[in-house]
Amino acid sequence: MQTLPFLRVATVLIALAILAAFVAPAAAAPLRVPAAFERGTITRRPYVVMIDNHPNAYPQTGLDKAAVVFEALAESGITRFMAVYIPGVSPDAPSIGPVRSARLYFVRWAMGMNGMYIHAGGAPDALKRAREAQEIIDVDALVRSGGAYFTRVRTRKAPHNLYTSTARLDQAAARFGNAEINDPELGFPIKAEAPPEQRPAAQELGYYFIYRQDSVGWTYDPVGNVYLRLRRGKPAVDAATGQQLRASNVVVIEVQERPIPGDPKGRIQQDVVGSGPGFLFQDGVAQEITWRKESEAAPLRFYLADGSEAAMNSGQVWIAAVPKLGNLTVR
């Protein structure tokens with residue numbers, strides 16, 4: 001009779017071990033961003049948010065919830081992000097930021113998405129175009145009409161401390177109106193993912209914009225069929241969750257850039273209207289593509305070597321615009 005307590009303990013431990021065997025794989029499963037920027041499904045204007053990538057802004061918050069992320073140079077070799085959230089489709093983001101200023105080429109990308117363009121001031125040409133463009137709704141944190149939808153946190157110094165959220169942007173959409181859209185051509189075509197048996201065991205890619213030491217990397221995870229982001233050789237994480245950023249599709253395109261003559265802050269311009277070469281990484285495979293944006297208002301699209309439009313896996317699409325494809329390495 002004295003052995004019964006020990007038997008009970010052993011029975012409980014065995015039961016817990018069996019339960020853990022079932023629970024652990026689900027808990028360890030890679031996070032996925034549900035629903036891509038899928039063509040034919042978007043009925044509300046996307047929230048297109050400028051996000052800081054200065055070293056003092058890292059780690060950012062909310063990039064993991066975006067359907068699309070653009071990554072491109074700002075000035076002084078520092079890049080900036082533009083994150084795209086689909087109301088009613090993308091996961092709620094309680095915090096997004098730090099929010100930073102507009103640049104004309106980002107405005108042009110936003111115009112092709114019919115977005116509500118969210119920023120904090122910007123270059124003079126960008127501010128003018130954002131105010132005038134019929135394709136977007138301009139929400140500027142630094143003007144009275146837009147300031148109510150942002151907050152500054154005390155844990156960071158300005159200008160790297162301005163944040164918003166999808167809930168606040170829902171309020172902005174209600175305030176500014178015209179939030180509903182009907183554009184069946186908006187978004188990317190979506191395809192089925194490669195089955196596990198067709199995925200390679202590994203793939204790595206890396207690129208830089210101006211300085212090699214400020215490199216970006218992505219490591220392919222065949223189990224989750226996602227690419228895990230590296231920043232200067234270390235995992236790039238979300239500030240709120242601590243989780244490593246991941247994308248289902250990584251697109252690296254070559255976009256010509258040049259300094260704006262006489263600009264007092266050394267700003268640059270980028271030729272985002274037109275076409276150029278690039279690579280699409282998905283399912284552990286690299287494919288050569290051509291990007292095209294036929295006008296300011298036209299969407300950015302990607303085409304395979306046979307002329308067909310590239311389809312995306314469901315999940316986040318990360319688009320990096322580098323000055324030249326020679327800055328890209330693939331292993």
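Side-chain N or O atoms of Thr166 include one that pairs as donor or acceptor with a backbone N or O of Ala93 at under 3.5 Å. A side-chain donor-acceptor contact under 3.5 Å links Gln270 to the backbone of Leu73. With hydrogens and angles ignored, the 3.5 Å screen pairs no side-chain donor or acceptor of Lys65 with any backbone N or O of Asp92. Of the possible donor and acceptor atoms, one in the side chain of Asp238 sits under 3.5 Å from a partner among the backbone N and O of Gly62. Not one N or O on the side chain of Asp283 forms a donor-acceptor pair closer than 3.5 Å with the backbone of Val285. Judged by distance alone, the side chain of Tyr220 and the main-chain N or O of Pro200 form no donor-acceptor pair under 3.5 Å.
Side-chain contact between Val89 and Thr41 is absent, with no heavy-atom pair separated by less than 4.5 Å. Between His119 and Val107, every side-chain heavy-atom pair lies at or beyond the 4.5 Å cut-off. With contacts defined as side-chain heavy-atom distances shorter than 4.5 Å, the pair Trp291/Ile319 does not qualify. Side-chain contact between Gln316 and Val69 is present, with heavy atoms from C-beta onward closer than 4.5 Å. The closest side-chain heavy-atom distance from Leu230 to Gln244 is below 4.5 Å. Looking at heavy atoms from C-beta onward, Arg199 lies in side-chain contact with Glu193 at the 4.5 angstrom threshold. Using a 4.5 Å heavy-atom cutoff, the side chains of Ile268 and Tyr105 are in contact. Leu228 places none of its side-chain heavy atoms less than 4.5 Å from the side chain of Pro235.
The shortest heavy-atom contact between Gly266 and Glu75 is O-CB, 3.4 Å. The two residues Tyr211 and Ser76 have their closest heavy-atom pair at CE1-O, 3.9 Å.
Both Val255 and Ile289 are members of a single hydrophobic cluster when ILVMFWY side chains are connected at heavy-atom separations under 4.5 Å. There is a path of hydrophobic side-chain contacts, each under 4.5 Å, that joins Leu304 to Val250.
Remark: Glu296 engages Arg108 in a salt bridge, criterion side-chain N to carboxylate O under 4.0 Å. Using a cut-off of 4.0 Å between Lys/Arg side-chain N and Asp/Glu carboxylate O, Arg232 and Asp214 are scored as salt-bridged. For Asp170 and Arg44, the salt-bridge test passes: some basic side-chain N is under 4.0 Å from an acidic carboxylate O.
Sorted by first and then second residue, the salt bridge (Lys or Arg N to Asp or Glu O under 4.0 Å) pairs with a member in residues 130-145 read Lys128-Glu132; sequence neighbours excluded. Pairs of residues two or more places apart, or lying in two chains, never qualify as ring pair (Phe, Tyr, Trp, His ring centres under 6.0 Å) while including a residue from residues 128-156. Every pair tested for ring pair (Phe, Tyr, Trp, His ring centres under 6.0 Å) that includes a residue from residues 237-290 fails, sequence neighbours excluded, so the list is empty.
Taking OG from Ser215 and CZ from Phe209, the interatomic distance works out to 11.0 Å, rounded to the nearest 0.5 Å.
Taking Tyr208 as the reference, Arg212, Asn327 meet the side chain to side chain donor-acceptor pair (under 3.5 Å) condition, with sequence neighbours excluded. Under the salt bridge (charged side-chain N to carboxylate O under 4.0 Å, His left out) criterion, Asp263 pairs with Arg267, sequence neighbours left out.
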Output, in order, the C-alpha distance, side-chain angles, deciding distance and verdict of side chain to side chain contact (heavy atoms under 4.5 Å, CB included) for Ile96 and Tyr47.
CA-CA 11 Å; Ile96 301 172; Tyr47 302 152; over 6 Å; no
Check your understanding: Checking side chain to side chain contact (heavy atoms under 4.5 Å, CB included) for the pair Tyr117/Met82: CA distance, chi angles, key distance, verdict?
Key -> CA-CA 10 Å; Tyr117 185 60; Met82 187 173 78; 4.0 Å; yes
Give the C-alpha distance, both sets of side-chain angles, the deciding distance and a yes or no for side chain to side chain contact (heavy atoms under 4.5 Å, CB included) between Val49 and Leu169. CA-CA 10 Å; Val49 187; Leu169 297 180; 4.0 Å; yes
Stepwise side chain to side chain contact (heavy atoms under 4.5 Å, CB included) test for Lys324 and Glu257: CA-CA 9 Å; Lys324 53 184 179 179; Glu257 59 92 14; over 6 Å; no
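Cation-pi check for Arg231 over Tyr58 is met; the charged atom lies under 6.0 angstrom from the ring centroid and within 45 degrees of its normal.
Using modelled atom types, one finds a donor on one side chain and an acceptor on the other under 3.5 Å when comparing Gln60 with Asn53. Between Asn249 and Gln282, the side chains place a donor N or O and an acceptor N or O closer than 3.5 Å (distance only, hydrogens not considered).
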Please output the side-chain donor-acceptor pairs of residues 174-186 that fall under 3.5 Å, not counting sequence neighbours, one pair per line with the distance.
| unit_1 | atom_1 | unit_2 | atom_2 | d |
| --- | --- | --- | --- | --- |
| Asp183 | OD1 | Glu185 | N | 3.0 |
| Glu185 | OE1 | Arg301 | NH2 | 3.3 |

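The ring-ring contact (aromatic ring centres under 6.0 Å, His included) with Phe81 is formed by just one residue from the set Trp318, Phe106, Phe70; it is Trp318. A side chain to side chain donor-acceptor pair (under 3.5 Å) with Tyr163 holds for exactly one of Arg168, Arg156, Arg152; it is Arg156.
Residue Glu294 places its CD atom among 12 or fewer non-hydrogen atoms of other residues, nucleotides or ligands, all under 6.0 Å distant. For CD of Gln213, the number of neighbouring non-hydrogen atoms (other residues, nucleotides, ligands) closer than 6.0 Å is greater than 12.
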